[in-house]
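So the structure is just underneath, and the comments pick up after that.
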Number of protein chains: 2
Amino acid sequence: MRALFHPAKDDIRAEDVLHALADPVRATIFTQIASATCSQICAAFSSVNNKPIPKSSLSQHFRVLREAGLIRSERQGVEMHNTSRFDEIEARFPGLLPAILVAYSTRKDAPAKVTRGRRAGAR
Amino acid sequence: MRALFHPAKDDIRAEDVLHALADPVRATIFTQIASATCSQICAAFSSVNNKPIPKSSLSQHFRVLREAGLIRSERQGVEMHNTSRFDEIEARFPGLLPAILVAYSTRKDAPAKVTRGRRAGAR
DNA sequence: TCAATAGTTCTTAATTCCTGAACTAACGAA
DNA sequence: TTCGTTAGTTCAGGAATTAAGAACTATTGA
C-alpha cells in the first residue's frame with residue numbers, strides 16, 4: 001500500500017474543498033467523521049439509508065476527502081482512523097466549512113447518522 | 001430556443017451550488033457577473049488569461065450556474081443579461097457565498113483556468 | 001502458517017465534461 | 001420581406017472522471 005497523500009495546510013485549494021463537499025455522500029461522511037472508520041461509515045449508510053455503498057466507492061470518497069485536505073487518515077492496527085482537519089481548513093478558509101455544513105443541514109433528506117459502537121442489526 | 005430553467009429559491013440545493021462553484025472558471029464568472037453578458041466574460045477570459053474559452057463551453061458554464069440557482073439569465077434584445085441571485089442564496093444558505101468567494105480570493109494563482117488536476121499518486 | 005478483517009488498487013462500464021460545428025433568435029438595413 | 005450580423009444555444013463526438021465488482025495488500029490473532 002502506498003503512502004497516503006495529504007496536502008500541506010497551505011496547499012489546500014478552495015476548488016478541491018468545494019468539489020469534495022459537492023457530493024452529498026462525502027459531505028455526510030465528513031460531518032460524521034469524528035474518528036470514524038470506513039466500516040462504520042459503510043454500516044451507517046447501509047443500515048440507516050438502506051442504500052449500501054460498496055467499500056471500494058467509500059475508499060475513493062475517503063481519498064477525495066483526504067487529497068482535498070479535509071481529513072487525515074492514519075492506520076491503527078487493522079483499521080484506518082480518519083480525523084477531520086476542520087481547524088486547519090478553518091484557519092485557511094475562515095467560515096467556509098461552517099457555512100457549507102449549515103447549508104447541508106437544511107436539506108430535506110437528512111444525511112445518515114452514524115452511531116458508534118455496537119448497533120442492532122449491524123453486520 | 002427553449003425556456004431557460006431557473007430553480008425557485010427554496011429548491012436551490014447546497015450540492016448544486018457547491019458543484020457549480022467548485023469550478024474556478026465558473027467561480028470567476030460568478031464573481032464578475034454584475035450584469036455581464038456571455039461575450040463580455042468571453043472577452044475577459046481571452047484578454048486577461050490569453051486562454052480563450054469557447055463560447056459553447058461558456059454557454060454550458062452559464063447553464064450550470066443558472067440551474068444551480070446562482071444567476072438569472074434574461075434575454076435583452078440580441079444579448080443575454082445575467083444577474084446574480086446572491087441575495088436569494090444568502091437568504092437560503094446564510095454565509096455560504098461570502099465564505100466561498102473569500103476562499104477563492106486567497107488563491108495564489110489568479111482566478112483563471114486551470115486543469116482540475118489529480119495531484120500525488122495519480123495512477 | 002492460515003484465516004479473518006479492513007481497506008486499497010485494478011479494471012471496465014457508465015456518466016459527465018469539453019468543444020467545434022450547426023443551429024436559432026433578435027435586430028437593423030435595404 | 002430578405003439578407004447579414006451578433007449573440008448565444010444545442011448537438012455530437014471524444015476526453016476525462018466516477019462507480020463498483022474483483023483482486024490484492026496489510027495487520028492481527030489463533
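Just so it is clear: chains get the letters A, B, ... in the order the sequence lines come, proteins before strands, and each one is counted from 1.
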Is there a donor-acceptor pair closer than 3.5 Å between any side-chain N or O of [X] and the backbone N or O of [Y]?
X     : Y     : answer
B/S59 : B/S56 : no
A/E67 : A/H6  : no
A/R92 : A/P94 : no
A/R66 : A/A68 : no

Inset, instruction - On DNA chain C, check which nucleotide each of B/S56 and A/S56 is closest to and give me the residue with the more 5' one. - result: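 Result of the comparison: A/S56.
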Inset, instruction - Using the closest heavy atom to pick a nucleotide of DNA chain C for each, name whichever of A/S73 or A/V78 lands nearer the 5' end. - result: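 Result of the comparison: A/V78.
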Rounded to whole Å, how long is the line connecting atom [atom1] of [X] with atom [atom2] of [N]?
X     : N      : atom1 : atom2 : result
B/L4  : D/dA7  : CG    : P     : 18 Å
B/E74 : C/dA26 : CD    : C1'   : 16 Å
A/Q76 : D/dT27 : CD    : C1'   : 13 Å
A/E79 : D/dT28 : CD    : P     : 11 Å
A/Q60 : C/dC10 : CD    : P     : 10 Å
A/I29 : C/dG7  : CD1   : P     : 12 Å
A/F62 : D/dA20 : CZ    : P     : 16 Å
B/K55 : C/dC18 : NZ    : P     : 18 Å

Legend entry - Upstream residue (5' side of DNA chain D) when B/S59 and A/P54 are each assigned their closest nucleotide: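 Upstream on the strand: B/S59.
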Inset, instruction - Determine to 10° how strongly the helix from C/dT1-D/dA30 to C/dA30-D/dT1 is bent, judged from the axes of its five-pair ends. - result: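 It comes to 10° between the two terminal axes.
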Inset, instruction - For the side chain of B/H19, starting at C-beta, report the closest nucleotide among C/dC10, C/dC17, D/dA26. - result: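 When the side chain of B/H19 is considered, C/dC17 is the closest of C/dC10, C/dC17, D/dA26.
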Inset, instruction - Could you please name the option among C/dT8, C/dC18, D/dA7 that lies closest to any side-chain atom of B/D23? - result: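 Between C/dT8, C/dC18, D/dA7, the one nearest the side chain of B/D23 would be C/dC18.
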Legend entry - N/O (side chain, A/S57) to phosphate O (OP1/OP2, D/dA20) under 4.0 Å: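 Yes, such a contact exists.
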Legend entry - Donor-acceptor pair between A/R72 and A/T83 side chains, under 3.5 angstrom: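 Note: A/R72 and A/T83 side chains miss the donor-acceptor criterion.
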Inset, instruction - Consider only side-chain heavy atoms of I, L, V, M, F, W and Y, link residues closer than 4.5 Å, and tell whether B/F86 and B/L96 are in one cluster. - result: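 Looking at the clustering, B/L96 is in the same group as B/F86.
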Inset, instruction - Please examine the side chains of B/L70 and B/R85, heavy atoms only from C-beta on, and report whether any two atoms are closer than 4.5 Å. - result: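 Of all side-chain heavy-atom pairs linking B/L70 with B/R85, none is under 4.5 Å.
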